[in-house]
Amino acid sequence: EHGQKMSKSKGNVVNPLEIITEYGSDALRMGVIANRSAAQNQAFSAAKVVAGRNFCNKLWNVARYISTSVGEVVPTPNPEPHSLADHWIVGRLNAAAAQISDQITNYRFAEASEVLYHVIWDDVADWYVEVSKVEQHTSMSAYVLDTVLRLAHPFAPFVTETIWQSLPWHEGLLAADAWPEQKSFNELSAAEFGRLIELVSEARYVTSELPGNERYGLLYMDDSLIADNTNLILKLARLNSIERADQPRGLRLAASGRDAWLDISAETLYEHQSNLEKRL
């Protein structure tokens with residue numbers, strides 16, 4: 001990892017079998033191709049293998065949650081997206097499948113693994129799984145899991161095959177299955193959920209910056225997106241309440257571009273402003 005050449009005389013030879021014993025072969029595969037540029041000599045670091053193992057653990061945890069939520073229900077094959085989150089995740093998976101396919105074709109394996117990492121870790125685990133805890137659509141959850149297993153299989157064949165064969169709605173091998181096809185979705189609905197993510201992300205960030213460790217309420221004016229998704233925003237942003245207001249008060253969430261405010265006291269607002277001025 002310090003850029004030295006491996007040699008027996010230096011005693012710094014990395015034995016792949018020892019790494020496989022400690023972290024697993026899928027983690028080694030992910031670690032070897034991570035952050036690699038074509039025609040560039042780059043140092044090998046065990047930390048990248050650890051990151052590969054963490055990725056496999058994340059995939060396993062996502063699969064365990066979705067398979068448990070599906071339970072004994074036989075999911076509908078190729079389900080239609082219903083909610084804003086359904087349309088959004090279908091769009092994200094479509095884009096990831098197209099990018100990964102193109103990058104593998106052009107031998108850009110590191111870039112392909114980066115796309116895979118973010119679609120599973122950020123889009124599926126951080127957002128869609130959290131949404132499914134509020135708005136459950138079991139067949140779509142099963143479709144999402146099947147799709148990410150197909151996408152991840154070239155990079156982590158053993159853990160994905162194990163998960164695939166443990167799912168009650170599959171009989172054959174994942175290795176013999178087809179690459180994900182492009183699925184139709186509503187781009188406007190997907191974009192609406194993207195705006196919802198912006199609002200929730202800003203609410204989380206601003207709340208974490210405020211003094212104290214309270215749960216705040218959210219106020220909004222004439223905003224149909226907030227009104228139609230109150231329960232979802234409440235859970236995702238970890239808020240105390242969401243109310244429609246005639247007059248704004250508190251701290252406006254300006255970055256999301258919506259007429260929404262965190263309902264905080266004048267004292268808290270002043271303290272927050274003072275902290276920001278000190279940091280400036």
Side-chain angles (χ1 to χ4, degrees), residues 19-21 23-34 49 51-81 85-86 88-105 109 112-133 136-185:
I19 296 177
I20 289 172
T21 301
Y23 300 110
S25 55
D26 287 337
L28 176 60
R29 289 165 68 100
M30 297 291 289
V32 164
I33 66 173
V49 180
R53 181 195 61 185
N54 293 344
F55 171 82
C56 293
N57 288 342
K58 176 66 74 171
L59 183 59
W60 187 270
N61 290 335
V62 167
R64 184 170 57 182
Y65 168 77
I66 292 179
S67 61
T68 302
S69 64
V70 171
E72 300 299 319
V73 178
V74 179
T76 305
N78 198 26
E80 291 299 317
D86 287 349
W88 176 81
I89 196 62
V90 169
R92 302 296 291 176
L93 291 173
N94 281 354
Q99 283 182 278
I100 293 171
S101 179
D102 179 67
Q103 288 162 345
I104 289 177
T105 302
F109 303 124
S113 71
E114 189 75 10
V115 173
L116 175 72
Y117 179 92
H118 287 294
V119 76
I120 292 178
W121 199 289
D122 299 340
D123 298 339
V124 175
D126 285 356
W127 288 107
Y128 191 74
V129 165
E130 292 304 311
V131 170
S132 70
K133 295 175 182 178
Q136 183 62 265
H137 183 183
T138 53
S139 292
M140 182 56 69
S141 295
Y143 166 82
V144 169
L145 176 57
D146 288 351
T147 303
V148 297
L149 289 175
R150 291 184 179 106
L151 294 177
H153 188 63
F155 304 91
F158 294 98
V159 67
T160 51
E161 189 70 73
T162 301
I163 294 169
W164 183 272
Q165 294 187 30
S166 71
L167 298 174
W169 59 87
H170 290 308
E171 293 180 355
L173 292 173
L174 172 57
D177 207 80
W179 187 253
E181 296 181 355
Q182 295 291 297
K183 184 178 177 61
S184 60
F185 69 100

**Prompt:** If you measure from NE2 on His153 to CG on Leu173, what distance do you get to the nearest 0.5 Å?
**Reply:** 8.5 Å
**Asked** Does Asn61 have any side chain to side chain donor-acceptor pair (under 3.5 Å) partners at least two apart in sequence or in another chain, and if so, which?
**Response** Arg64
**Message:** Testing the basics here: between Ala112 and Ile100, what is the closest heavy-atom pair and its distance to 0.1 Å?
**Reply:** O-CG1, 3.8 Å
**Message:** Minimum heavy-atom separation for Leu59 and Ala152, please, with both atom names.
**Reply:** CD2-CB, 4.1 Å
**Item:** CD1 on Ile163 to CG on Leu174, rounded to 0.5 Å
**Value:** 9.5 Å
**Prompt:** With side chains defined as the heavy atoms from C-beta onward, is the minimum distance between Tyr23 and Leu28 less than 4.5 Å?
**Reply:** no
**Prompt:** How about Val62 and Val148: do any of their side-chain heavy atoms sit closer than 4.5 Å?
**Reply:** no
**Asked** For the side chain of Ser139 and the backbone of Thr76, is there at least one donor-acceptor N/O pair under 3.5 Å apart?
**Response** yes
**Message:** Before you tell me yes or no, could you show the steps for Arg92 and Trp127 under side-chain contact (heavy atoms from CB on, under 4.5 Å), namely the whole-Å CA-CA distance, both residues' side-chain angles and the distance that decides it to 0.1 Å?
**Reply:** CA-CA 11 Å; Arg92 302 296 291 176; Trp127 288 107; over 6 Å; no
**Request:** Answer yes or no: are there more than 12 heavy-atom neighbours, outside Arg29 itself, under 6.0 Å from its atom CZ?
**Result:** yes
**Item:** Shortest non-hydrogen contact from Ile66 toward Ser141
**Value:** CG2-O, 3.5 Å
**Heavy-atom side-chain contact between Asn78 and Lys183 under 4.5 Å** = yes
**Prompt:** Quick check: does any side chain N or O of Arg53 sit under 3.5 Å from a backbone N or O of Ala27, one acting as donor and the other as acceptor?
**Reply:** no
**Message:** If you define the side chain from C-beta out and look only at heavy atoms, does anything of Val49 sit under 4.5 Å from Met30?
**Reply:** no
**Request:** Could you walk me through whether Asp122 and Tyr117 pass side-chain hydrogen bond (donor to acceptor under 3.5 Å, both in side chains), step by step?
**Result:** CA-CA 8 Å; Asp122 299 340; Tyr117 179 92; over 6 Å; no
**Request:** For residues Val159 and Trp60, report the shortest heavy-atom separation together with the two atoms involved.
**Result:** CG2-CE3, 3.6 Å
**Prompt:** After noting the C-alpha distance and the side-chain angles of Asp86 and Glu80, does the key distance pass the side-chain contact (heavy atoms from CB on, under 4.5 Å) rule?
**Reply:** CA-CA 9 Å; Asp86 287 349; Glu80 291 299 317; over 6 Å; no
**Request:** Flag this pair as yes if the NZ/CZ of Lys133 is under 6.0 angstrom from the six-membered ring centre of Tyr65 and inside a 45 degree cone about the axis; otherwise no.
**Result:** yes
**Request:** Just do the side-chain contact (heavy atoms from CB on, under 4.5 Å) check on Ile89 and Phe185 with the steps written out, would you?
**Result:** CA-CA 9 Å; Ile89 196 62; Phe185 69 100; over 6 Å; no
**Request:** Can you measure from OG (Ser25) to CD1 (Ile20) and round to the nearest 0.5 angstrom?
**Result:** 5.5 Å
**Complete:** On a heavy-atom basis, the closest approach of Ser69 and Thr138 is O-CG2, 3.9 Å
**Message:** Rounded at 0.5 Å granularity, tell me how far SG in Cys56 sits from CD1 in Ile120.
**Reply:** 9.5 Å
**Prompt:** Is there side-chain contact between Pro157 and Asp26, with heavy atoms separated by less than 4.5 Å?
**Reply:** yes
**Message:** Could you tell me if the side chain of Trp88 sits less than 4.5 Å from the side chain of Asp123, heavy atoms only?
**Reply:** yes
**Request:** Just grab all the side chain to side chain donor-acceptor pair (under 3.5 Å) pairs involving residues 171-182, residues at least two apart or on different chains.
**Result:** Arg150-Asp177
**ring pair (Phe, Tyr, Trp, His ring centres under 6.0 Å) pairs, two or more places apart, involving residues 156-177** = Trp164-His170
**Prompt:** Do the side chains of Thr147 and Val90 get nearer than 4.5 Å, heavy atoms only?
**Reply:** no
**Request:** Side-chain contact test, heavy atoms from C-beta onward, threshold under 4.5 Å: evaluate it for Val115 versus Gln103 and give yes or no.
**Result:** yes
**Request:** Locate the shortest heavy-atom distance separating Pro79 from His137; write the atom from each residue and the value.
**Result:** CB-NE2, 4.5 Å
